[in-house]
Amino acid sequence: MPEMPKTYDVASVEERILQKWLDGKYYARSKGEGDRTVVIPPPNVTGMLHMGHALDDTIQDTYIRYSRMNGYSTRWILGTDHAGIATQTKVDKKLKSEGVSRLEIGREAFLEECQKWREEYGGIIVEQIKRMGCSIDFDDEKFTMSPEYAKAVRKVFCDWYHDDLIYRGKRIVNWCPSCTTAISDDEAEYQDEKGHLWHLRYPLVEPVDGVEYITVATTRPETMLGDTGIAVSPDDPDKQKFVGKMVRLPIVDREIPIFSDWHVDAGFGTGFVKVTPAHDPNDYAMGQAHDLPQINIFDEHAIVVDGYGEFTGMTRDQCREAVVAWFEEHELLDHVDEHEHSVMHCYRCDSTLEPWLSEQWFVAVDRLKGPATDVVADGQVTFHPSRWTQTYMTWMENLKDWCISRQLWWGHRIPVFHCTDCGWEDALMEDTDVCPICGSHAVHQEEDVLDTWFSSQLWTFATQGWPDHPEELVGHHPTKVLVTARDIIALWVARMIMSSLYFIDQIPFEDVFIYATILAKDGSRMSKSKGNGVDPMDLIAMYGADAMRFNLLTLVTNNQDVKFDANIDKKTHELIDSPRTEAARSFVTKIWNAARFVMLNMDGYEPGEPQASTAADAWILSRLAKLTASVTAGIEEYRFGDVARELYAFFWNEFCDWYIELCKARLAQDGEGRLIAQRNLVFVLDSALRLLHPVMPFVTEAIWEYLPVEDDAPALMVAAWPDAGELSRWVDDEAEQAIQLVVQLVTSVRATRAAYGISPRQELAVSLRFTADDEDARAKRALIERQKDLIIALAKLSSLDILDHDAPRPAESGIDFVGDIEVFTALSGLVDFAEEKKRLETRRAKATKELEKLDKKLGNQNFLDKAAPEAVEKVKTEHAALVQELKLIDAQLAN
RNA sequence: GGGCGAUUAGCGCAGCGGGAGCGCAUCUGCCUUACAAGCAGAGGGCCGCAGGUUCGAACCCUGCAUCGCCCACCA
């Protein structure tokens with residue numbers, strides 16, 4: 001048999017194993033019972049993957065690998081998102097650094113630049129996904145702007161357009177005057193800024209009760225040029241007398257009405273609000289409700305338009321200054337307060353956004369939201385953890401029409417054509433340059449492109465042949481689970497549900513798994529600008545993909561965010577270390593070494609069934625059976641953190657720490673015992689590797705190549721998942737108790753040894769004495785007799801005697817207790833007995849304190865009456881044991 | 001303003017109604033031929049604060065504090 005290298009060389013092995021998988025195309029769709037199609041949330045082609053992707057992809061890969069091994073039909077669909085605004089920004093910046101702008105090179109050349117960018121970064125992203133070990137369908141990569149996908153997007157637009165779900169309208173949008181595009185609310189960044197609250201006086205046309213003017217408070221005095229009303233709160237009694245009166249707007253000399261509206265907070269400012277419907281979302285809403293004119297005072301660059309005299313041609317800032325100066329000059333500036341408020345900025349160029357009235361395209365959501373709410377309410381689509389259901393529902397309730405047009409170039413161009421001659425307009429699947437009505441060639445396509453989410457909402461079905469090959473969807477849609485981050489529940493998850501229900505009358509996925517947001521160690525968001533981000537590729541380079549994956553999965557609990565334990569150099573922003581990932585790497589190494597030990601003891605091995613020939617065998621097989629059931633259920637329920645911890649505890653603390661040690665004596669001898677131990681070791685190791693494989697695919701695959709298991713599978717990755725039902729025949733609670741006793745006895749002797757500083761090489765004579773002489777004690781005694789050699793070997797004893805229950809205590813011995821068994825360790829000539837006395841006294845104090853607690857409990861009649869009988873019984877047993885222990889300690893002390 | 005989450009050992013986290021746990025770090029002793037990326041042992045906790053429910057609360061309820069996230073708003 002080939003010998004395993006002494007050390008596990010992570011980098012070279014992971015590289016080789018990856019190639020093996022790719023060569024074998026084991027990542028491709030698998031056939032089986034029950035469909036498990038999963039779509040990857042398409043990463044943006046803007047750059048590299050971050051820790052969120054690493055977590056997302058690790059979860060999906062673990063799930064898919066498990067499902068593949070467990071005989072499901074699987075397919076994990078790969079793809080990337082063109083990410084309109086984000087990519088365009090990156091390409092803009094790149095061009096700028098080369099000294100050109102997109103306006104100079106034109107739309108066509110710019111799109112070519114975007115394509116180039118996409119090819120480069122899309123390629124990098126796919127390489128990174130490979131490097132993490134993801135078993136995704138690499139031969140069939142999707143892209144939200146591929147010709148097939150574009151066709152799906154276009155069909156969705158046209159169908160909705162013709163079903164009156166898409167309309168064009170003038171609305172207030174977040175406008176970036178520098179990028180000259182609308183951006184969505186989620187693309188706006190709020191920043192708290194110190195500003196001012198200017199109090200301006202507006203004269204009343206007719207005095208009211210002798211009052212000649214009212215005072216409004218505003219943070220944006222420049223917008224007063226577009227004021228068309230003044231609002232007061234309906235809950236403000238002092239102001240009601242002004243309602244219905246008119247105000248003469250200074251500078252523009254316009255008469256505007258005072259009205260009452262619920263938007264107004266009587267307690268803020270002066271209680272009078274200037275209303276500028278064209279330049280504020282709230283004012284727009286009030287303007288709609290009260291039928292006010294919408295006066296746009298800015299052009300697309302936020303320059304004051306014609307007709308405002310000296311103010312025309314000014315920027316927002318210049319205009320603000322000039323307006324304030326004018327009010328001051330005319331003694332209409334009441335006063336100015338300092339005021340902190342948050343201001344929206346463009347996340348691309350950081351300009352202050354202008355709420356701006358412009359022509360945009362919208363999706364009417366009224367007919368879409370009902371069905372999308374129902375499928376979640378009735379459990380067809382289930383969120384995990386369940387609390388996200390509420391987030392979803394709340395968002396659906398408050399859903400407003402969706403602005404889908406973007407004044408960008410990189411994206412799906414809106415397929416609406418109009419004729420400037422006759423006014424014809426339609427959404428078309430094929431481009432045209434002739435008007436079908438008047439035959440004119442004055443036909444133009446809309447310049448705007450669609451919001452990126454408009455295309456990604458189709459992801460589950462447009463990646464699977466829709467609309468041209470609907471047969472591809474059969475059996476593979478709805479997909480099984482969507483694994484994603486919580487911040488796109490509204491932006492993406494909800495929209496996928498809406499569009500999927502509309503177009504293919506199916507939910508897009510059965511489950512939505514929302515994982516925790518990964519924060520930096522200090523609890524703040526990881527971000528490039530703060531330099532506290534961790535690059536998954538750095539972690540892989542330092543510790544390997546398996547270690548990163550394992551660590552990430554331990555973080556998957558019910559929590560909604562989690563701090564990533566990594567240290568980063570404050571100056572260079574480079575990763576220094578990640579203690580938790582390092583610990584995970586130790587686990588990888590441990591697995592390698594344990595396997596290596598097994599392989600070093602394979603001389604004379606002949607394949608055969610596992611066999612519970614000793615208590616140790618029965619125990620480990622029982623533990624394995626329970627682990628298999630638990631891990632299987634854990635993955636099915638998306639409890640990845642539990643799964644990782646259980647695997648760790650079994651492999652390290654049970655298999656390595658005890659079973660391997662318990663086998664060493666048998667392995668050292670020739671004969672049947674050795675063969676049985678070999679077979680059991682191979683069986684348990686093989687099973688454990690299978691269970692570990694979805695979590696740590698590389699090291700398990702590498703080890704499996706050495707294992708002498710007969711299996712048709714060409715790789716562990718496509719080998720069978722252990723069958724919990726089949727294994728359940730090994731469950732053996734008695735054996736588990738027996739080994740637990742062995743472990744306790746060995747640990748007891750080791751603790752005594754450590755307490756006295758006795759060398760591990762010094763063999764000790766130990767005798768055991770049972771405090772009782774009942775059936776239970778006799779059974780335990782028989783068991784210990786059977787495991788005597790094991791205990792002697794593991795505790796490094798010269799002898800192990802079992803005394804009769806009434807035998808005298810051995811002189812000059814240390815004492816310890818394992819339940820009702822006294823453990824005497826002969827210490828004659830080895831220790832200072834004053835020490836032992838001190839030790840016993842400490843122990844006595846502890847036991848006394850514990851006993852008091854139990855006494856109190858048992859003295860409580862309510863406890864005896866109301867608590868579960870098992871609970872009472874347990875306390876009674878513990879109580880008896882403690883009483884016995886104290887008696888023994890006292891006897892020992894008296895000695 | 002509305003909602004959600006967190007607060008447990010120095011650090012990062014599990015546990016979520018009946019004995020306070022894991023990993024790292026710390027201390028002690030070990031190169032016991034699978035593993036020093038290891039082995040054995042040990043120390044370290046008013047389980048955020050205050051009430052309540054319960055025979056019994058880290059766990060359930062209420063309030064508070066601190067930190068964080070999401071949504072809305074900020075004239």
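A, B, ... follow the sequence lines: proteins, then strands. Residue 1 opens every chain.
Heavy atoms of A:Q390 sit under 4.0 angstrom from primed sugar atoms or phosphate atoms, though from no base atom. Across all strands, A:R753 comes closer than 4.0 Å to no nucleic acid atom at all (heavy-atom distances). Here A:A584 lies out of heavy-atom contact (under 4.0 Å) with every strand. As judged by a 4.0 angstrom heavy-atom cut-off over every strand, A:R645 is placed among residues touching the sugar-phosphate backbone only. No engagement by A:W198 is indicated, since no non-hydrogen atom pair under 4.0 Å with the nucleic acid exists. Within the nucleic acid shown, A:T7 has no heavy atom closer than 4.0 Å to any nucleic acid atom. Using a 4.0 Å heavy-atom criterion, one finds that A:K6 contacts the sugar-phosphate atoms exclusively. A:A594 comes within 4.0 angstrom of a base, heavy atoms only. Here A:D561 lies in heavy-atom contact (under 4.0 Å) with sugar-phosphate atoms only. Residue A:V562 is in sugar-phosphate contact alone, with no base atom involved, counting any heavy-atom pair closer than 4.0 Å across all strands shown.
Nucleotides B:rG23 and B:rG15 place their C1' atoms 15 Å apart, quoted to the nearest Å. For the P atoms, the distance from B:rC27 to B:rC70 is 41 Å, rounded to whole Å. Distance check on atom P: B:rC16 versus B:rC22 gives 16 Å, rounded to whole Å. Comparing the P positions of B:rG2 and B:rA72 gives an interatomic distance of 16 Å, to the nearest angstrom. Comparing B:rG3 with B:rC59, their C1' atoms are spaced 23 Å from each other, to the whole Å. A distance of about 48 Å separates the C1' atoms of B:rC55 and B:rG38, rounded to the whole Å. B:rG10 and B:rU26: their C1' atoms are spaced 9 Å apart (whole Å). When the C1' atom is used for both B:rA42 and B:rA9, the distance is 14 Å, rounded to whole Å.
Nucleotide B:rG17 has no partner under the Watson-Crick or G-U criteria, as no pair reaches both atom distances under 3.5 Å. The partner of B:rA65 is B:rU7, by the rule that a Watson-Crick or G-U pair needs both atom distances under 3.5 Å. In this structure, B:rG38 forms a base pair with B:rC30, meeting either the Watson-Crick or the G-U wobble geometry with both donor-acceptor distances under 3.5 Å. For B:rU54, there is no paired nucleotide, since no Watson-Crick or G-U wobble pair has both relevant distances below 3.5 Å. Nucleotide B:rA25 has no partner under the Watson-Crick or G-U criteria, as no pair reaches both atom distances under 3.5 Å. In a base pair of the Watson-Crick type (N1 to N3 plus N6-O4 or O6-N4) or a G-U wobble (N1-O2 and O6-N3), with each distance short of 3.5 Å, B:rC59 is matched with no nucleotide.
Using modelled atom types and a 3.5 Å distance limit, the side chains of A:W704 and A:D686 yield a donor-acceptor pair. When only modelled atom types and interatomic distance are considered, A:S578 and A:D565 share no side-chain donor-acceptor pair under 3.5 Å. A:T276 and A:D227 share a side-chain donor-acceptor pair at under 3.5 Å. Between A:Y648 and A:N653, the side chains place no donor N or O within less than 3.5 Å of an acceptor N or O (distance only, hydrogens not considered).
Contact between the side-chain N/O atoms of A:S586 and the OP1/OP2 oxygens of B:rG38 is found at a separation under 4.0 Å. Phosphate contact (OP1/OP2 of B:rC39, side-chain N/O of A:K590, threshold under 4.0 Å): present. Residue A:T557 places at least one side-chain N or O closer than 4.0 Å to OP1 or OP2 of B:rA14. Close to B:rC39, at under 4.0 Å from its OP1 or OP2, lies a side-chain N or O of A:W652.
The pair A:R486-A:D561 meets the salt-bridge criterion, since a charged nitrogen lies less than 4.0 angstrom from a carboxylate oxygen.
In this structure, CZ of A:R761 is placed 10 Å from P of B:rU33, rounded to the nearest angstrom. A:Y706 has its OH atom 18 Å from the P atom of B:rA34, to the nearest Å. Summarising the geometry, the separation between CZ on A:F587 and P on B:rG38 is reported as 12 Å, rounded to the nearest angstrom. Residue A:R387 contributes atom CZ, which lies 17 Å from atom C1' of B:rG2 at whole-angstrom precision. Taking atom CG of residue A:L553 and atom C1' of nucleotide B:rC13, one finds them 15 Å apart after rounding to whole Å. Put simply, CG on A:D816 is 13 Å from C1' on B:rG41, counting in whole angstrom units. Atom CZ of A:R750 and atom P of B:rA42 are 11 Å apart (whole Å). Rounded to an integer number of Å, the gap from A:Y543 OH to B:rC24 C1' is 11 Å.
Across B:rG5, B:rA75, B:rA34, the shortest atom-to-atom separation from the side chain of A:N593 is found for B:rA34. Counting only heavy atoms from C-beta on, A:T219 has its side chain closest to B:rA75 among B:rC69, B:rG38, B:rA75. Distances were taken from every side-chain heavy atom of A:N559 (C-beta onward) to each of B:rG23, B:rG5, B:rA34; the shortest belongs to B:rG5. Among the nucleotides B:rC39, B:rG23, B:rC73, the one closest to the side chain of A:N282 is B:rC73. Nearest nucleotide to the side chain of A:T589, out of B:rA14, B:rC4, B:rA37: B:rA37. If you check B:rC55, B:rA75, B:rG23 against the side chain of A:A867, the one that comes closest is B:rC55. Checked against B:rA34, B:rG29, B:rG12, the side chain of A:D565 finds its nearest nucleotide in B:rG12. Out of B:rA42, B:rA34, B:rG68, the shortest distance to the side chain of A:A751 is found at B:rA42. Picking from B:rG29, B:rC24, B:rC13 the nucleotide with the shortest atom distance to the side chain of A:P579 gives B:rC24. Nearest nucleotide to the side chain of A:D280, out of B:rC31, B:rC69, B:rC74: B:rC74.
Remark: side-chain polar atoms of A:D261 are not paired, donor with acceptor, to backbone N or O of A:A231 under 3.5 angstrom.
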Working for ring-ring contact (aromatic ring centres under 6.0 Å, His included), residues A:F272 and A:F242:
CA-CA 10 Å; A:F272 289 102; A:F242 295 100; 5.4 Å; yes
Go through the steps for A:F513 and A:H384 under the test ring-ring contact (aromatic ring centres under 6.0 Å, His included), then give the verdict.
CA-CA 5 Å; A:F513 182 75; A:H384 306 266; 7.0 Å; no
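Heavy-atom nearest nucleotides on RNA chain B were determined for A:K563 and for A:V746, and the one closer to the 5' end corresponds to A:K563. The residue among A:A595 and A:Y648 whose nearest nucleotide of RNA chain B lies closer to the 5′ end is A:Y648.
Geometrically, A:K664 engages A:F597 in a cation-pi contact defined by less than 6.0 Å to the ring centre and at most 45° from the axis.
Contact of A:T218 with B:rA75 (side chain to base): no donor-acceptor pair of N or O atoms is detected under 3.5 Å. Remark: the A:E661 side chain and the B:rA34 base include a donor-acceptor N/O pair separated by less than 3.5 Å.
Aromatic rings of A:W388 and A:F383 (six-membered ring for Trp) have centroids beyond the 6.0 Å cut-off, not under it.
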